[in-house]
Structures are given as C-alpha cells and as structure tokens.
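This report refers to the structure that appears directly beneath it.
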Amino acid sequence: MKKILEKIRKIDDKYKIAFFRWWFSAAVCFFIAWGLQLGNSESTFDLIFFLGLGMGIGNILIFNPIITSVFDIKRRGKIANKKMSERTIPEGIFYFLCEIFKSFLAVYIVSWIYEGINLLINHLGNYPDGHIGFGIEPITFGIIFAIIYGLLGLFWDLLVLLFNLIFRRGKKNDLVQHDDESRQEA
C-alpha cells in the first residue's frame with residue numbers, strides 16, 4: 001500500500017488535475033443529464049445549456065477553488081494560483097464570464113463530437129438519421145470534456161502569450177523611439 005501511495009505522490013500535478021477534471025465533469029453530467037432527465041429529452045439545446053451552465057458554475061464555485069488550494073498549477077512556466085481574494089472586482093467578473101464561456105464552448109464542442117459519432121454509427125450501420133447509437137453517458141462525456149477543456153485552456157494561454165508578445169514589442173518600440181527622440185533633443 002505504501003508503494004502505491006508513493007507512486008501516486010510522484011505523479012505530476014497536471015495529470016492529477018486532469019483526472020479530477022474528468023471525474024468532476026462526469027459527475028456533473030451524471031447529475032444534470034440523468035438526474036434532471038435532460039439526457040432523454042428531445043431538445044438538445046436544453047441539455048447543452050444546462051450542462052454548460054452547470055460545468056461553468058461548478059468549475060467556478062467548487063472545482064477551481066479546491067484544485068488551486070491543493071495543487072500548484074503552472075502556466076507559461078509560472079505557478080498561476082491566484083486566490084480569489086487577490087483579484088480585483090473587474091478581474092473576478094472577467095474570470096467568471098470567461099469560465100462560463102469556456103465551459104459552454106467546451107460542452108458545445110462535445111455535443112458536436114457526439115453528433116459526429118452518431119452520424120458515423122448511423123452511416124456505417126444503415127440506421128435512420130434520427131437514431132442515437134452513442135448516447136450521452138458520464139464516463140465518455142467526462143473524458144471528451146476534459147480533453148476539450150484542456151485544449152481550450154492551451155489555446156487561451158497561447159492567445160495571452162501572443163498578446164503579451166505583441167504588447168511588449170509595441171512597448172519596446174515606443175521606448176526605443178522615445179529614447180531616440182530624447183537623444184536628438186540633447
């Protein structure tokens with residue numbers, strides 16, 4: 001038992017976070033899709049809307065505060081654990097809206113993946129167009145959601161990195177131009 005615990009302790013934090021994100025998203029899917037019977041409804045919009053809202057609020061209020069207090073989250077080579085109390089009000093509102101949007105977008109992409117899998121099953125099995133051969137269930141939803149959510153996070157980090165490079169480059173050019181002007185005046 002001690003050997004197993006040592007192996008678990010040696011696993012990198014990003015893999016532990018990915019595992020817990022999978023588990024958490026599967027639990028939210030279970031409670032919303034099966035608990036509210038939205039998985040059986042005819043309208044997929046209701047399912048996507050409430051899953052996206054549930055994932056966003058769950059991430060903001062439950063998952064992210066617990067994960068940031070337990071693990072060291074590294075982004076762009078730095079530890080990115082910034083506590084809620086250290087954020088300004090505009091930063092907190094922006095964080096809240098981005099997290100909701102990211103969760104909605106991830107659930108929407110997951111729904112299209114499910115749609116594509118069902119179209120493939122229907123095409124290969126000669127089933128009618130409305131047939132659902134691969135319905136939503138928590139384990140595969142959790143896996144797909146965790147992957148998509150992680151990819152969206154990487155995409156967001158890339159955008160922030162590019163923005164910082166562009167902003168800093170412009171700032172450096174302004175500083176160089178300002179230094180040249182001050183040298184010409186002297």
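Positions are given from 1 along the sequence.
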Would a single hydrophobic cluster contain both Leu119 and Ile117, if residues Ile, Leu, Val, Met, Phe, Trp and Tyr are joined by side-chain heavy-atom contacts under 4.5 Å?
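As far as the 4.5 Å side-chain criterion goes, Leu119 and Ile117 are not connected within one cluster.
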Is there a path of hydrophobic side-chain contacts, each under 4.5 Å between heavy atoms of I/L/V/M/F/W/Y residues, joining Ile11 to Ile67?
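No, because Ile67 and Ile11 fall into different hydrophobic clusters, even though each may have its own neighbours under 4.5 Å.
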Could you state the interatomic distance from [atom1] ([X]) to [atom2] ([Y]), rounded to the nearest 0.5 Å?
X	Y	atom1	atom2	result
Thr88	Ile93	OG1	CD1	8.5 Å
Cys29	Phe145	SG	CZ	10.5 Å
Ile147	Ser25	CD1	OG	10.0 Å

By side chain to side chain contact (heavy atoms under 4.5 Å, CB included), which residues pair with [X], not counting sequence neighbours?
X	value
Trp23	none
Ile148	Ala106, Ile109, Val110, Ile113, Ile144, Leu152
Leu120	Leu124
Tyr127	Ile121, Asn122, His131

Among residues at least two apart in sequence or on other chains, which ones pass ring-ring contact (aromatic ring centres under 6.0 Å, His included) with Phe96?
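Not a single residue meets the ring-ring contact (aromatic ring centres under 6.0 Å, His included) criterion with Phe96.
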If the condition is ring-ring contact (aromatic ring centres under 6.0 Å, His included), which residues does Phe20 pass it with, not counting sequence neighbours?
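In terms of ring-ring contact (aromatic ring centres under 6.0 Å, His included), with neighbours along the sequence ignored, Phe20 is linked to no residue.
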Quick one: closest heavy-atom pair of Arg9 and Lys16, and the distance?
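What the structure gives for the nearest pair is O-NZ, 3.6 Å.
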If a pair satisfies side chain to side chain donor-acceptor pair (under 3.5 Å) and one of its residues is in residues 145-154, list it, with sequence neighbours excluded.
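Residue pairs with at least one partner in residues 145-154: Glu99-Tyr149.
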With a cut-off of 3.5 Å and sequence neighbours excluded, list every side-chain donor-acceptor pair involving residues 132-142.
residue, atom, partner, partner atom, Å
Glu137, OE1, Ile139, N, 3.2
Glu137, OE2, Thr140, N, 2.9
Glu137, OE2, Thr140, OG1, 2.6
Thr140, OG1, Tyr114, OH, 2.8

Is it the case that more than 12 heavy atoms not belonging to Leu159 sit under 6.0 Å from its CG atom?
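Count over threshold, so yes.
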Under 3.5 Å, side-chain donor or acceptor atoms of residues 48-63 against the rest of the protein: list the pairs with distances, not counting sequence neighbours.
residue, atom, partner, partner atom, Å
Asn59, OD1, Arg21, NH1, 3.1
Asn59, ND2, Met55, O, 3.1
Asn59, ND2, Ser103, OG, 3.4

Is there side-chain contact between [X] and [Y], with at least one heavy-atom pair below 4.5 Å?
X	Y	result
Phe104	Tyr108	no
Lys2	Glu6	no
Asp157	Leu161	no

